[in-house]
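Residue numbers begin at 1 in each chain, while the letters A, B, ... track the order of the sequences. The structure presented is a predicted model; accordingly, all values stated were derived computationally and were not measured.
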Amino acid sequence: MGDASERAPAAIAQNVIAPAVVAWYREHRRDLPWREPGFPAWGTLVSEFMLQQTPVARVIPRLAEWLDRWPTPGHLAASPAGDAVRAWDRLGYPRRALNLHAAAVAITERHGGRVPPDVDALLELPGVGPYTARAVAVFAYGLRHPVVDTNVRRVLARAVDGAALPGPASTRRDLAAMEALLPDDDADAAVFNAGAMELGAVVCTARSPRCEECPIRSACAWRAAGYPAHEGPRAPVQKRYEGSDRQARGVILGELRRSEVPVPEGALASLWPDAAQFARALAGLERDGLVRAHDDGWVLPD
DNA sequence: CACACGTGGCC
DNA sequence: TGGCCAAGTGT
């Protein structure tokens, strides 16, 4: 008896949620650069790197500059990694720039300069995890995979689980939950993935969701339950940034980005009041490959 | 699995 | 003001 009673809810959800999200997306999608027809797979990969934890609005101008300067993986691979870190500017988490450069080198050396379409090959690239690999496979190549980001996790938590917010992320469970809703057709599946992300980004938002505008409100388990408040473990609160090691790293790297010549360690140290913390931050940057020791001080990597 | 990892905008 | 949040990944 398990089969029918367990499969039925998923089948119903797939028949209701996906078509509604797809129809809504076709009507309401934002015009974003990476959604333009003919946008290259390389552009998709670059945009996904930039979008890892950085808001869309801040990514758009940097992405355009980046692709103008490095229109293919080969172009980026031929530049020093430090140039990538500089061009990354203030997008945050600068090791993403380093990873993107390393990915460009790997693509050039192992994939003939073409961004690979398979999830497994993408996962082997530095800085590419479960989200980015599937996003590229789906949005750049139209393959059928579930794509789960923070927006999708929230939509699923509400619409399917009836919870205000997602619990702790579990890649395996989250992918299975999205897979259960995914249309069979490749193209429909890709649009549904994009639509679920878009829905979470503009309607089913973390704070003040606009449920009146939601295309799946009639199927939403959270709504049916009366919008219960979040219970259970809260996501770990981000540590204070002021005075943190992260801020110290940011100050050091900012100075090196700005300079075309090696910066003496003393000059860097003068930028941070706590000497021990400065030393820790600099050592961490060196360990991450974001800075390199030079005869006359410190520089960005080659 | 928990935590480190930048930066800026919003309420 | 200060906490929360943003198309995650690596360890």
- Message: At less than 4.0 Å, is any side-chain N or O atom of A:Arg240 found next to OP1 or OP2 of C:dT1? Yes or no.
- Response: no
query = Is any side-chain nitrogen or oxygen of A:Lys239 closer than 4.0 Å to OP1 or OP2 of B:dA4?
reply = yes
On DNA chain B, more 5' by nearest nucleotide between A:Val251 and A:Arg173 is A:Arg173
Quiz item: Within less than 4.0 Å of OP1 or OP2 of B:dG6, is there a side-chain N or O belonging to A:Arg249?
Solution: yes
**Prompt:** Contact class for A:Leu253 vs. all strands (heavy atom < 4.0 Å): base, sugar-phosphate, or nothing?
**Reply:** nothing
Result for 5'-nearest mapping on DNA chain B, choosing between A:Tyr241 and A:Ser170, is A:Ser170
Checklist entry - Under 6.0 Å from the CZ atom of A:Arg173, do we count more than 12 heavy atoms belonging to anything else shown? => result no
What residues 268-276 of chain A contributes to the DNA chain C interface at heavy-atom separation below 4.0 Å is none
In 5'-to-3' order, the base (B), backbone-only (S) or no-contact (-) status of each nucleotide in nucleotides 6-11 of chain C, using a 4.0 angstrom heavy-atom cut-off, is BBBBS-
Worksheet item: Going by atom types alone, do A:Arg69 and A:Ser79 pair a side-chain donor with an acceptor below 3.5 Å?
Response: no
To the nearest angstrom, the CD-P distance between A:Glu286 and B:dC5 comes to 16 Å
Q. Is A:Phe49 touching bases, backbone alone, or none of the nucleic acid, heavy atoms closer than 4.0 Å?
A. nothing
- Spell out, as yes or no, whether a donor-acceptor pair under 3.5 Å connects the side chain of A:Arg246 to the backbone of A:Tyr241. no
In whole angstroms, the gap separating P of B:dT7 from CZ of A:Arg90 amounts to 5 Å
Which of A:Arg26, A:Arg29, A:Arg35 passes salt bridge (charged side-chain N to carboxylate O under 4.0 Å, His left out) with A:Glu198? It is A:Arg35
Worksheet item: How about A:Arg172: does its CZ atom have over 12 heavy atoms from other parts shown lying under 6.0 Å from it?
Response: no
